[in-house]
Amino acid sequence: MNVSWLPLLGTTVALLGLFAMSEFAGRHGLPAETTRRLVHITGAGTTALLPLYLQLRDVVLLAIAFTVFLGWTRVRGSLRSVHAVARPTLGAVVFPIGLLLAALAVWLHPAALAYAALMLAVADPAASVVGQRFRGPSWQVPGGRKSALGSIAFFAVALALGTVFALAAGNGAILAVAGAAAVLTVVEASLGYGLDNLFIPGIAGLLGEQWLRL
């Protein structure tokens, strides 16, 4: 199997370093919600760059390795800077799988993959932060609650991201941007247990390719 071993090793070490830094920060007083969110943002944001220097088979190996790692640390009760949040969630474990599904779906369209990865890196945490900090109408989903303000934040960020990508692509797909943002907002607002991490990237990637023509 033709694997880009040096870039793959460098990416692996960098991601393990990210977890080490989150553990250090957690043990020095930073709440798990914060360290987990920082890992989420950095990990998903990094995925947007992977087509620049890795092959798809490398990404498959990375995703498998980190899914096993995150599942193992969750079962052991370690890596508390990621897993020790109050709400019931599988979000960390399915996080690499969701990004892998996006990569498998749109690998030949790097802009669509970047759109998908940044949707998870930016729009999803925005919904979480706003939903947790501001009170407003909310509803029950399996494994937790979702809020109207959180969904509005997600839609606004998704709309902004989509607009940037559409303008950069020069295709003028502004109505498609709004439609994609609306679909992704519904997905995020409907899923608990962190399962939005599994579904948002793949759906966003396909919408980016098909609707935004990335």
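Along the sequence shown, residues are numbered consecutively beginning with 1.
Across all their heavy atoms, A44 and A117 have their closest contact at O-CB, 3.3 Å. Nearest heavy atoms, G26 versus T35: N-CG2, 4.0 Å. Of all heavy-atom pairs between A153 and A126, the closest is CB-O, 3.9 Å. Closest approach of P96 and L70 over heavy atoms only: CG-CD1, 3.8 Å. In plain terms, the two heavy atoms of A102 and A116 that are nearest each other are CB-CB, 4.3 Å. For the residue pair A121 and G45, the shortest heavy atom distance occurs at CB-N, 3.6 Å.
Within a 6.0 Å sphere centred on CZ of R37, other residues, nucleotides and ligands contribute more than 12 heavy atoms. Remark: R145 CZ is packed, more than 12 non-hydrogen atoms of other residues, nucleotides or ligands lying under 6.0 Å away. Within a 6.0 Å sphere centred on CG of L52, other residues, nucleotides and ligands contribute more than 12 heavy atoms. Shown here is W72, whose CH2 atom has no more than 12 heavy atoms of other residues, nucleotides or ligands within 6.0 Å.
Here the CD1-OG1 distance, from I41 to T46, works out to 11.5 Å after rounding to the nearest 0.5 Å. In this structure, OG in S147 is found 12.0 Å from CZ in R135, a value given to the nearest 0.5 Å. Atom-to-atom distance recorded for L50:CG and Q55:CD is 12.5 Å, nearest 0.5 angstrom. Note: R74 CZ to L79 CG = 12.0 Å, rounded to the nearest 0.5 Å. Atom CG of N197 sits about 7.0 Å away from atom OG1 of T89, to the nearest 0.5 Å. Atom CD1 of I200 sits about 6.5 Å away from atom CG of L120, to the nearest 0.5 Å.
Between F66 and F69, the angle of the ring planes goes over 60°, which puts this pair in the perpendicular group of the 30/60° scheme.
Hydrophobic clustering (side-chain heavy atoms under 4.5 Å, transitive across Ile, Leu, Val, Met, Phe, Trp, Tyr) keeps V141 apart from V130. No continuous path of hydrophobic side-chain contacts links L118 to Y53 [ILVMFWY only; heavy atoms under 4.5 Å]. Transitive grouping of hydrophobic side chains (ILVMFWY, heavy atoms separated by less than 4.5 Å) keeps V186 and V122 in distinct clusters. No path of Ile, Leu, Val, Met, Phe, Trp and Tyr side chains, each step under 4.5 Å between heavy atoms, connects V94 with V68, placing them in separate hydrophobic clusters. Both I97 and I203 are members of a single hydrophobic cluster when ILVMFWY side chains are connected at heavy-atom separations under 4.5 Å.
When atom types are taken as modelled, the side chain of D58 and the backbone of L8 share no donor-acceptor pair closer than 3.5 angstrom. Judged by distance alone, with hydrogens and angles left aside, the side-chain atoms of K146 form no donor-acceptor pair with the main-chain N or O of S151 at under 3.5 Å. For S128 (side chain) and D124 (main-chain N/O), no donor-acceptor pair under 3.5 Å exists by modelled atom type. The backbone N or O of D196 sits nowhere less than 3.5 Å from a side-chain atom of E188 that would complete a donor-acceptor pair. In this structure a side-chain-to-backbone donor-acceptor pair under 3.5 Å is present from H28 to F24. Judged by distance alone, the side chain of H83 and the main-chain N or O of V75 form no donor-acceptor pair under 3.5 Å.
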Derivation of the side chain to side chain contact (heavy atoms under 4.5 Å, CB included) call for L198 and L101: CA-CA 8 Å; L198 180 62; L101 291 176; 4.0 Å; yes
Pair V59-W107, side chain to side chain contact (heavy atoms under 4.5 Å, CB included): steps then yes or no: CA-CA 10 Å; V59 176; W107 185 256; 3.6 Å; yes
Going by atom type alone, with no hydrogens or angles, which donor-acceptor pairs under 3.5 Å involve a side-chain atom of residues 205-214 and a protein atom two or more places apart or on another chain?
| residue | atom | partner | partner atom | Å |
| --- | --- | --- | --- | --- |
| E209 | OE2 | H109 | NE2 | 3.3 |
| R213 | NH2 | N171 | O | 3.0 |

